[in-house]
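Down below is the structure, laid out as structure tokens.
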Amino acid sequence: MLARNRFQQYLGGSRSPQSRYKSRLQSVRRVSVGFVGGSLILSACGSAAAAPTTTTSASNAPISFQLWESHNGGPVGDAVTALVNMFDSSHPNIHVSIVVTKASSKLPAAVAAGDPPVLAEISHYDGTLVKGLALNSWNQYMKNDPTFSQSNLYPSVWSNGLVGNQHYRLIASAKVSEVFYNESMFQAAGITTPPTTWAELASDAAKLKSSNVIPLGWKDSSAHILPAILSNGGSMLNGSNTVGTSVNFNNAATTATFQYFRNLYSAGDLVFDHGSTLRADLASGHMAMIDGTSAGEAKVLAAVGGKFKVGAFVEPAGSTGHAANLVQGLGFVLPKGHSAAEDNAAFTFVNWWYQPAQQVYWSEHTGFAPMTKAGAAAIPQSFLSSHPGLQQSIVAMSSQYSYPRPVSDSYAQVQAVLDSAFQQAVTGSQSISAALTQLQSQGNSYMSGASAL
Amino acid sequence: MTAITLEALEKRFGGTAGSALDGIDLEIADGEFVVLLGPSGCGKSTTLRLIAGLETPTGGTIRFGKSVVNGVEGRDRNIGMVFQNYALYPHMTVTDNLCFGLKSRGVEKGEILKRLDEILEMLSLGDLAKRRPRELSGGQRQRVALGRALIGRPSVFLMDEPLSNLDANLREQMRMEIAKLHRILRITTVYVTHDQVEALTLADRIVVMNEGKIQQVSSPRRLYDEPANIFVARFIGAPGMNVLRIEKDMLIDPDSPFYLDEQITQSIVESTGSAVRLGIRPEDLALHNGGFPLRIRCRVVLIEQLGTHLQVHLEVDSDKLSSNIIAKLDVNCGVAVGDVVTLGSPAHLIHRFDDETELHLGRLANKSERIVSLHSTSGDNSHGVRIGEQQ
Amino acid sequence: MTKQLDPALDHDDYRSNDKSDLVRRVGVRSSLFNVKNKLVGYGLLLPAAAVFILFFYLPALYLFYIAFYHWSILSPFQQFVGLKNFRTLLAQPLFWRSLENSLYYTIVMIPAITFLSLGIAMLLRDGLSARRGGVWRAAVFLPHVTPVVATSIIWVWIFNPHFGLANAVLSALHLPQLGWLESTTWALPAVMIDSLWHSLGLYVLIFLAGLSRVPREIIEVASLDGAKSPRIFRRIIWPLISPTTFFVIVLASVNTWQAFSQIYTMTGGAHGGAGGPAFSTTTDALLVFQTAFTYFHFSLAAAMSLVLFLIILALTVVQKWISDRIVFYR
Amino acid sequence: MSGAKLLSLNFRKVVRTLFVLVVAIGFSFPLYWVVVTAFNTKGGVYSIPPNFVPALHAGAFRYVLLHTHWLHYLLNTVFIAGVTVLLVLITSAMAGYALAELNLRGSGLFLLLTVGVMLLPTQALLIPQYALALHLHLLNGYAIQILPFAASTFGIFLFRQFFKSLPREYWEVASLEGVGHLRYILRVSLPLARPAVITVALLTFISSWNQFQWPLIMTQSHSVQPIEVALSHYTQTFEANWRKLTSAVIIALAPIVILFLILQRYIVAGVAGRDGGINL
């Protein structure tokens, strides 16, 4: 078939379907006998995915495996490619090849089809995969590798993807929320230091307001409201914020936070928008502050193009007296169905990823926060001073009030409802209490598993 | 060359429609030109298609020579067929159309070219070999269709209303060409038409069909002179024969519009049945001049001026019976619409049919007993030609 | 045969002068060489039938299975759960919200499509030379052949609240600028504008084909009688093209109820997760997609698909019922 | 005709032409706008009021053209669309021929099956179709992007109608001359059906080119994905960079638009004839 050989690199050569998956598959297939006949017809047609199976490598032969990843070009994609190339050249016995795909949504099907990659980066913790017993825990590999040290990782990184005592997902790229601002506008408005509390932020916004400037642009995504809720003493889930089974939004902290943003919005001090639009607004002098993450810093700087100096500050402190943040990002998972040697090789790659040199390269080229203290320390001060966003994100990473994102099953859906509730409440299309009541009940219905929409 | 024999040939179609065949027996001699003639839906096309193998009979047998061909596919019967719409492939040149079949049969290239030249020559198509059908006139297309049917050297040549898409002049011309071709090639030919002129001019024998049955098989001349039954009598001729059904008591009623010679009346009255059917061709009727054994009093309804003669539509002048008659009268006869006139005819021109079976019973008198001659008849063909002119 | 071989040609007319045709049509060619004929015939039908059955009819049956079972791609355990999926579904506010959105979208789109495309078709129908007319037709139809994702990106840019063309036009007209895709009120209308732009050409062409079948003489006779244009339209053209109108409405309602690509692309924003803001553009089709392929609740999505299936079926039946009463077939 | 009436007639003609112009420009403008944006200067994209004349800065376009695997996605799309067209032509011609020329028992059922496919809501079937693809191990390949579309209701109907319009005698002559069905289809039916072939091929090609949701669901690796899915990925990569995004859009649009402009006469005729072929 056309282009088959050319794309061999994408497809990868090795595929070692474990008997377990085969038998599972057969049982699935038996249910629908009708399809089997069709499969016979179709098996002749062949597909690019049905690459020839090669045998698993022996212990000393080079191991090659696929890494499923979802960054499609751009600085992040380029950085991943560069790092993987570095790894491949420094590890003659292991060859990692990148497959760019929407890994998070495509992985379950690949697992079901008995054709998962050895290593994948998925965007959020997917309960479906754990429920389906599709992932290996990283624990034994971490334990067996003497060069790996837990204490080196930031706590919020360490506990990301932790279920029970098992690490199913090791974070691969960490980001935290922060705010970028136009320093010239701050100066013009007489603001000397960035705000450190939400109240200050509001009063600074009021100062910045002039006929043509919108003081604050906020992303229309819920992840950017959670730091404020947490800093006001709220939480996401009951019990543990990472693995709780019911949501905890209908409370004073969340109400206060929603109210705060609603006030800003109704005063015209805040607008909602996509990140890309916000950056364009900031760059063109329409907006004084925009919310984002350090990962967007490069884009912000590129959009501004040196027209003015861009500053950054972490999200301010709330009623608890401290600031809070949420650490999120893609994480490495280890789908089942591969040999121990392959899994070990995958961990070798992950551990290598965490080493300071790689962390520095990663952070400098992508703006993502370093995930280890050593990595953070290795970034030259000169770089940090020209990249205030990255500097601020290290501040947030080091804080004890930075939390991992919840890993509970269905949290992704809860987040979608939170998005909606926040939008509705802040823009005034719903009262805050109504929005929160609905959020609470719908969120709980998702979390309970009784309903799963 | 092949003789064709149909024995008790039967074809039934599913459903109600369709012109089924109801036991056809027919022998076609080797080299004979037979025309199947009849109105639409009489089964003539079905018969042809059965011979071609395009349809399968539901009963009876078809023989080519001595062998039964019922189960033999059309392609293996060595048949050439010409269709009404020619069925020339519009995207192929004349040459390609002619050779398509031969190529499919794997005939050797040299042989194909030889036969192609032959056919192009024979049908004078040489200049048109590279043209496509749409660049040809109707007559040229017809010739190509003939050529395609002949290039395979068929032993049986079938034509299904081949001339009906042509205008009158061309039709006449092509008729002559077909007749010529047959004279030269002497291939057993079965030709289907509803046009009696074609049938009468081309056929060795004509098979008149109606409602899935053969009505009469005979030479053109006899078909006209001795129609086997009322259907044939009415179908042949333009217009067909007038057939009047006369109750016996009407013949003896003095007020009746009919007068028949007493001697003849007597013989009729003595025969079985309550009525008699008499047939007179329109061209055999004349205005009464006193000498005719049959006279009919009727009223003129319509007069058509046809140049050589008048075609007069009349109604029998009677309360008890309404019967229409057509007569061909002299242009100078002076009748007008509304006139009541008396028509008559000599006894030897009056046909008699059985009232029940509608079969021809003969004429009221032999030719030798002729009393009055209306038309000078010189030679066997004169009727046919005359009818042709009247068309 | 000089007769133009045109697929639109009515072949019945073409053959009616052939008297023996009826015989052949009715004829059942039975037995003997027809056995081979039949084998060839079924062989010819087989590939298409196999595709339809394997990829459409089997899945249609399988849909019922999935909807009444607990079915997950990762779990080998499939359990009959009866109506549970449907009960879950009906208890979900988001499901009702998506129905509402789909209904809103369809109810606005169908009349908009019907009247706009008919209007444009009337405009393009005459008054212009045939040659130039072809250019206009092509211009109107061009958007329909463009990939939806690609052109939706253009529209996202046009609807950019600060630098987009849409607001530039509004501000030039001294009208208030809108948030478009950022606004819960205007996001769906923005998608509608893109969809109209993309799909109208198709319906215009269908109407033009319908109008071309209205005999010119009928209209000429009517105008000789002194009927004025609007009257001619209402009393003559409109009834004559009612079958076309019906066809357009059926096609439009099926297409709009299933619209996906525009909504997915336009409301996805930079970070994916279509349907926003605040579920204001989450239609049925989108929710089915997200439930199945983002959240992996296949049984629930299948139940939703069944509901969608029934709605479309009902729509078609109702339209058929209405059309039987008001559509005038020649 | 009086002068005043003549004047009003001309006036109406002018108004009408103006309307047509407005409509045509309205439909074409977004496509023009994408060109303006892609070739704008960096700051020009965000200028208010907007520039309406292309600045012809090809920098962004060149970058997008050279830094992404467009050729590869284009090849995928062309391959998928091409094979689909081929298969649709084959299956449609075959079925159309059988339905038109052979008196088969069960062809009514087949027609019902064919029309029925059109009435099945595509959205509703996605899930079982996905499950089927999973069971058959067809996910993430070319086959799943081609085979389900290898038969087309429209194609079958159009070919059937076309073959029916051919005189029956064409086949009868051929059969008497000893020509088989397949040779007849290849040498007579198909060459005569050229208008049908062109129409079916073009419409199938366009709809295959514009597939999005199906490959989005059924494939995961870029090696087999068509340009539409790739484009949707790039909306994330290029995010706010409208010059790059619109450049990518141009690359995805150009082939199909050029194809359309060359063959628009056939395409328009094919679409216009569509409701004649399949009336619901």
Side-chain angles (χ1 to χ4, degrees), chain B residues 13-15 45 48-49 51-56 72-93 96-107 112 132-134 144-162 165, chain D residues 89-90 92-94 96-111 158-202 266 269-270 273:
Chain B
F13 293 101
S45 276
L48 193 75
R49 296 171 60 79
I51 296 172
L54 293 171
E55 309 273 356
T56 331
V72 179
E73 282 195 36
R75 64 178 61 180
D76 300 324
R77 294 187 190 186
N78 196 16
I79 278 169
M81 187 157 173
V82 176
F83 292 90
Q84 179 182 357
N85 60 9
Y86 321 135
L88 297 178
Y89 301 132
H91 61 300
M92 294 186 190
T93 61
D96 290 340
N97 264 295
L98 290 172
C99 301
F100 184 53
L102 293 183
K103 281 183 188 160
S104 304
R105 285 190 195 273
V107 176
I112 293 181
R132 286 172 210 281
R134 83 171 68 85
V144 177
L146 285 171
R148 182 176 54 183
L150 292 172
I151 200 167
R153 305 216 165 132
S155 51
V156 172
F157 194 23
L158 306 176
M159 286 186 264
D160 191 356
E161 311 216 13
N165 278 6
Chain D
L89 286 178
I90 292 171
S92 304
M94 282 167 71
Y97 180 82
L99 293 171
E101 297 284 342
L102 308 172
N103 231 323
L104 290 174
R105 186 192 289 268
S107 40
L109 182 73
F110 180 86
L111 280 178
L158 195 73
F159 272 105
R160 168 176 168 266
Q161 198 191 5
F162 200 92
F163 289 148
K164 273 182 113 167
S165 76
L166 297 181
R168 185 97 183 229
E169 286 83 356
Y170 282 2
W171 161 247
E172 290 179 344
V173 162
S175 83
L176 289 179
E177 290 181 340
V179 181
H181 279 294
L182 290 180
R183 186 175 158 83
Y184 176 72
I185 292 176
L186 287 176
R187 295 296 312 279
V188 180
S189 293
L190 275 182
L192 286 176
R194 221 180 58 175
V197 169
I198 291 174
T199 304
V200 171
L202 285 176
Y266 298 98

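Everything numeric here is computed off the predicted structure, so don't read it as measured data. Letters A, B, ... mirror the listed sequences (proteins, then strands); counts begin at 1. Side-chain atoms are counted along with the backbone in the values below, which use heavy atoms only and exclude waters and symmetry mates.
- In terms of heavy atoms, D/G178 sits closest to B/S104 at O-CB, 4.3 Å.
- Across D/L176 and B/A52, no two heavy atoms sit closer than the pair CD2-O, 3.4 Å.
- Atom CE of B/M81 sits about 8.0 Å away from atom CD of D/E169, to the nearest 0.5 Å.
- Neither the backbone nor the side chain of D/R194 has a heavy atom closer than 4.5 Å to any heavy atom of chain B.
- Proximity of a side-chain donor or acceptor of D/Y170 to a complementary backbone N or O of B/Y89 within less than 3.5 Å is not detected.
- The parts of B/R148 that come within reach of chain D are both its backbone and its side chain, each placing non-hydrogen atoms under 4.5 angstrom from that chain.
- Note that the CZ atom of D/R168 and the CZ atom of B/F83 stand 10.5 Å from one another [nearest 0.5 Å].
- Listed here is the closest heavy atom pair of B/A87 and D/V173: CB-CG2, 3.9 Å.
- Looking at every heavy atom in both residues, D/G180 comes nearest to B/R75 through CA-NH2, 4.2 Å.
- Contact annotation: the side chain of B/M92 approaches that of D/V188 to within less than 4.5 Å [non-hydrogen atoms, C-beta and beyond].
- In this structure, CD in D/E177 is found 9.0 Å from CD1 in B/I151, a value given to the nearest 0.5 Å.
- Considering only residues two or more places apart in sequence or on other chains, B/H91 meets the ring-ring contact (aromatic ring centres under 6.0 Å, His included) condition with none of them.
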